[in-house]
Each structure stands twice: as C-alpha cells, then as structure tokens.
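One structure is given below, encoded as structure tokens.
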Amino acid sequence: MADLASIALRASPDGSTAGFTVLSDGSETGAVAVVVLPKPWSSAPGRARSVAHQPGTTTHVVLYELDVAEIATERSAAQAIALSVTSLPAELGDDDDGRGRRLLEAVAPSGAAIPEATPDDLYEALLRLLLIIERSRVLRGHRSMRGRYSRSLLRLMEQLRMVGELERVIYLARPRYEERHEELTIPRGRLVEGALLRSEWSGVPRVESVFDELTTNTPVLQIAAAALRVTVADQHDLRLRAVATGLRDRAARLLQLLSGVTVLDPPSAMLLAERSYFGRLDEQWKPAIAAAMPVLRGHGVAPTEGRDEAQRAPVLSLPMEQAWEEWLERGLRILWTDVRPQATTRGPWALDPARPPQTGRIDFLVRLPDGRVAAVDAKYKIDLGYIRSGDGYQLFAYSHLAQMDDDSPSLAVLLYPEAASTGQDISRRYSRVPGESFPLWTAELPFPSASELREREAFADYLMRLVGALSVISAEWATEPARSENLPAEAHSAPA
C-alpha cells in the first residue's frame, strides 16, 4: 500500500502576485502545473480546495490569490513538490520590507478543503494571464517579467493562444481563386502575347497562360502553417514539457490539415503577413493571424541545465498591484487633466527645515475640478470594510507631507478593486478626530473581467466603465455626509 501524504500550498501569500509555475513530483514525467489568477476574479477569496495527484502524471491546478490547494499524493511526491516550492524565487517589491514575494508557499493542511466538481481549465487560465500581460505596459516590461524562465513561459502562452485561435477557425477555411502564370501545352485563360510569339518562333508547343485557379494555398493558411511548424519544432525547457507536450500534439494535428500549403520560414511568413491585405472574407482569420505574429517573431528558449538548476521550478510572477495602479492612472487621466503619479513626499524631520529630504512616494496626487488636491493611493486588496492600521497611518502621513504645487491635500482616497463577490461599486467616508476636516474616502472600482481583456476595443470599454464609476464616486467627495464613520481599529493583520 502506498504511503500517502498531503501538502498544502497557499497561492500568493502576499495577496498581490499572479503567475504560473510547474512543480516536479520527483519523477521524470510527473508534475503539478499551477496557475494563480487575480483575486478580484474569485467568487470566494481564500477558499481551500483538495486535489489528488498521481505521481508520474501531470495535474493541473488553477487557484486565485490567497487560495489554498491541499494536494493528496504519495509521500515521496509530496516531498518533491515541497522542495520545488522552496526553490521558487522570492521577488522583492517596493513595499515588501525585505520579505520578498512568492507565488506559492507551503502551509499546514487544514483538512477542511473541498474537492472541486469542475476544475478550471489550465489552458484557459494561462490565456487569461497572457491577456493581463498584454493589457499592461508595466507587466510587458522586462523588469516586471519576474521569475525563472519567465520568457519561456510567456512564449508557451503565446503559442497556446495561437493554437486555440486556429482551432476555432481552421475548419472555416475555403478555397480561393488565385491568379497563376504557367507555360501550358494546352492554352488556358488569357495568353501572354510575347509568349505566343516566342512559341511560334522556337517551335516549342508551350504558351504562357494567365488564369485563376481555385486553391487552398492562400496567404492566410501559409502564415498559419508557418506558426504551427514553429510550435511543433520548439524545444521547451524540460520542466515545461509536461504542459507543452499536449500543445505540440494539438499543433501537429492542425498542421496535418495544411499539408498542401507552401512551406515558409518564419521571416518570410511575417513579411507575407505584413504585405498581405486581408479583406472582408478573411475577417474571421484576423485574431489567428495576430496571434501567430509573436510566435513567428520569437525564438525557442532552452536554458542550459546545471546541477543546481535541475531542481529549480520555472516560474512567472506578475506583480498585480502594478497593473491595478496603471489601469487606475489611465482612468484618472481620462477624468482629470492634472494627475501626478508617484509623487514624492517631504520628510517629517530634517536638520535644515528649509530643505526636507524626499522620503517616499504616493501613488497619485490629483487636482480636482474645485481646485482641491486629493492624495490617492491604489490598494490591490480586498476591501474588508475597515481601514488597516498601516494604510491609515500611511494616508495620515501623506496628509501632512505631500504637496502639489505648494498645495497640501484636502482629502485622501483609497481605491480598491471591486471583488467578483461584491458586484457593485462601494464608497465609504471616514473622518479623523473631531474638529478636523481632513476626510479619508475608500472606494471599490471595477476590475477588468477576462472578456474585457481579450480585445483592445473591449478593454477601452472597460476603461470607460472605470471612468464612469470613478466619476460617480468622486462626486461624493465634494459633499458632506449626514454622518461620519470613525476609523475602526484593525483587529489583526491579514494579507489581502
């Protein structure tokens, strides 16, 4: 009888890291592939779920930040998975106080985990990560693509999207008429006059003809076939093959359907895509061609292995608070013209009071339409209905230290992402001690859904939805409420 054990993994213990990793179970072919998605998409943040893993196979696990997965498997596999988790790098961020951020951490099993009846699709979850990256300039930057072999993981996701788009439209391919020039013994179509004279002069009974022929060897399919060949031939790192194998099999099946298409190398296929005009009949192919371009443009990454590297898990970590801050900034700039991101604040103490040191940065200083200055802090946390003590003291400091064109803030604002379980914008006002008029507002604003990330037009609609909610909520900042709420003491420190 196998020696069974359980290992519990908490996703993004800091509450602000999405990403992807593959954890080895100690066998040559076995692994646990884990995707961590943003917590605003979760209907029940922080839930625990149980997963069974058979050593030697690949188990897919999709979690949301702060969720816990309890993996039941053989003891040796559980130990190997725990070793893979400890090898995940701790990425330092601006507010980590030296603690670092991990995509996963091992915790004590609770025994209360609930089995999932319908687990989320790992490949769909990977596509959602890719969409987050593509809709955030900061996450597309090299410094924010954190983790071992993160570029290899990103390339795998790009290939996955391309294959999925082609599977959706491949059976809609129709033959098209293509103009051809050939020398024929039996004339066809329109004869080239010069070729007719040459044939008569030389006595060779072949005449160049110009005619339209129905063919499936179209530019669209030539580009698709070239991208599929890249996917099939790509040599992913050994730790990623558990996920990449199924992807290559799907690409190979599609490539069989295009066996009669002209073979193009990636640069030629990219040039063809750039020079081709895709008309109304090709409208349905445009997403697939767009997805094929980064696959053709990229290069396979197969990192060399050293003895120490063999046990380290590949990981892609995305600092979601940076994406949330970026999207808020875009919304703020649409609504107001004077927005100062990452504004420096004066130090509270200095040997020379006329030259105070710059000690910190506030996410935004905003000049409101009535001339007042608002100190705005983007918080990628779940709004728990009270102000955490650290956040309260931080905004209190900003109220004294921040300045915008020599004007001090008149109010402070904390902006949280709207949780899926909430489903509505919420605004609260808190006041300081009696007699002081500096209010602190909190607000929940829309977080983009996966569907709003898929297309640029849909994401533009999301930004307008964000601006609309921000406009409604900010209108309350100029009004005095019938009652004020005191800042409740924080009962305990909890990640969000």
Side-chain angles (χ1 to χ4, degrees), residues 12 15-20 35-42 62 64-65 91 93 103 120-147 150-151 153-165 168 286-295 297-298 316-335 339 341-342 363-364 378-381 415-420 425 444-470:
S12 181
S16 62
T17 306
F20 172 50
V35 175
V36 178
L37 295 174
K39 58 181 178 283
W41 288 347
S42 174
V62 178
Y64 297 88
E65 294 163 326
E91 304 290 348
L103 186 64
D120 293 326
D121 187 333
L122 179 99
Y123 294 115
E124 175 61 27
L126 283 174
L127 289 178
R128 292 185 178 189
L129 284 183
L130 180 60
L131 293 171
I132 292 172
I133 295 170
E134 292 186 342
R135 297 293 170 255
S136 170
R137 299 187 187 98
V138 65
L139 295 187
R140 291 199 302 270
H142 176 71
R143 296 183 62 183
S144 293
M145 294 292 296
R146 300 169 176 170
S150 59
R151 294 294 172 180
L153 291 167
L154 179 59
R155 178 160 177 75
L156 178 65
M157 291 189 286
E158 289 172 343
Q159 294 173 352
L160 177 65
R161 178 178 58 178
M162 183 270 299
V163 169
E165 291 288 353
R168 185 175 60 85
K286 288 183 178 180
I289 298 302
M293 293 301 285
V295 175
R297 190 179 300 115
L316 170 66
S317 297
L318 303 178
M320 288 305 302
E321 80 282 358
Q322 294 185 20
W324 175 236
E325 184 178 325
E326 177 188 337
W327 296 333
L328 282 179
E329 179 182 348
R330 295 175 69 173
L332 291 170
R333 289 189 182 278
I334 293 173
L335 189 59
V339 178
Q342 294 299 307
D363 289 341
F364 307 103
K379 292 297 181 184
Y380 183 72
K381 301 176 180 179
L415 298 180
Y416 297 96
E418 181 183 276
D425 305 331
E444 292 186 24
L445 293 174
F447 189 82
S449 65
S451 61
E452 288 175 320
L453 295 172
R454 287 192 179 275
E455 303 292 341
R456 292 182 183 275
E457 295 78 6
F459 187 68
D461 291 340
Y462 156 71
L463 289 177
M464 297 314 298
R465 185 165 68 93
L466 174 65
V467 170
L470 186 58

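Basis for what follows: all heavy atoms, side chains included, without hydrogens, waters or symmetry-related copies.
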Step-by-step salt bridge (Lys or Arg N to Asp or Glu O under 4.0 Å) determination, Glu124 to Arg454: CA-CA 12 Å; Glu124 175 61 27; Arg454 287 192 179 275; 2.5 Å; yes
Worked check of side chain to side chain contact (heavy atoms under 4.5 Å, CB included) between Met157 and Met162: CA-CA 9 Å; Met157 291 189 286; Met162 183 270 299; over 6 Å; no
Closest non-hydrogen atom pair between Pro341 and Arg333, with its separation: CD-NH2, 3.2 Å
Gap separating the CH2 atom of Trp41 from the OG atom of Ser449, nearest 0.5 angstrom: 8.0 Å
Any side-chain heavy-atom pair of Pro38 and Ile132 under 4.5 Å: yes
Exercise: identify the closest heavy-atom pair between Ser317 and Pro319: O-CD, 3.8 Å
Nearest-0.5 Å distance, CZ of residue Arg155 to CG of residue Leu160: 13.0 Å
Nearest non-hydrogen partners of Leu129 and Gly19, listed with the distance: CD1-O, 3.3 Å
Ring geometry between Phe447 and Trp324 (parallel below 30°, tilted from 30 to 60°, perpendicular above 60°): tilted
Basic-acidic side-chain contact under 4.0 Å: Glu321, Lys379: no
N/O donor-acceptor pair under 3.5 Å between Tyr123 side chain and Arg161 backbone: no
Spacing of Leu126 atom CG and Leu153 atom CG [to the nearest 0.5 Å]: 8.5 Å
Heavy-atom side-chain proximity of Asp121 to Val62 below 4.5 angstrom: no
Side-chain donor or acceptor of Glu326 paired with backbone N/O of Val138 under 3.5 Å: yes
Flag for Gln342-Glu329: side-chain donor and acceptor within less than 3.5 Å: no
Derivation of the side chain to side chain contact (heavy atoms under 4.5 Å, CB included) call for Val295 and Gln159: CA-CA 6 Å; Val295 175; Gln159 294 173 352; 4.1 Å; yes
Lys NZ or Arg CZ of Arg135 over Trp327 ring: under 6.0 Å, within 45°: no
Min side-chain heavy-atom separation Ile133-Leu316 under 4.5 Å: yes
Donor-acceptor pair between Glu65 and Tyr380 side chains, under 3.5 angstrom: yes
Backbone N/O of Ala291 and side chain of Glu158: donor-acceptor pair under 3.5 Å: no
Arg140 side-chain N/O to Glu134 backbone N/O, donor-acceptor pair under 3.5 Å: yes
Close side-chain approach of Glu452 to Pro446, heavy-atom, < 4.5 Å: no
Interatomic spacing from CG in Leu453 to OH in Tyr462 - rounded to 0.5 Å: 8.5 Å
Chi angles and distances behind the side chain to side chain contact (heavy atoms under 4.5 Å, CB included) call for Phe364, Leu332: CA-CA 9 Å; Phe364 307 103; Leu332 291 170; 3.7 Å; yes
Side-chain touch Val36/Tyr64, heavy atoms, less than 4.5 angstrom: no
Atom pair OG (Ser136) and CG (Leu131), whose distance is rounded to the nearest 0.5 Å: 12.5 Å
Any Met320 side-chain heavy atom under 4.5 Å of Glu325 side chain: no
Separation of Leu139 CG from Leu130 CG (nearest 0.5 Å): 11.5 Å
Smallest separation among heavy atoms of Val467 and Gly331, with atom names: CG2-O, 3.6 Å
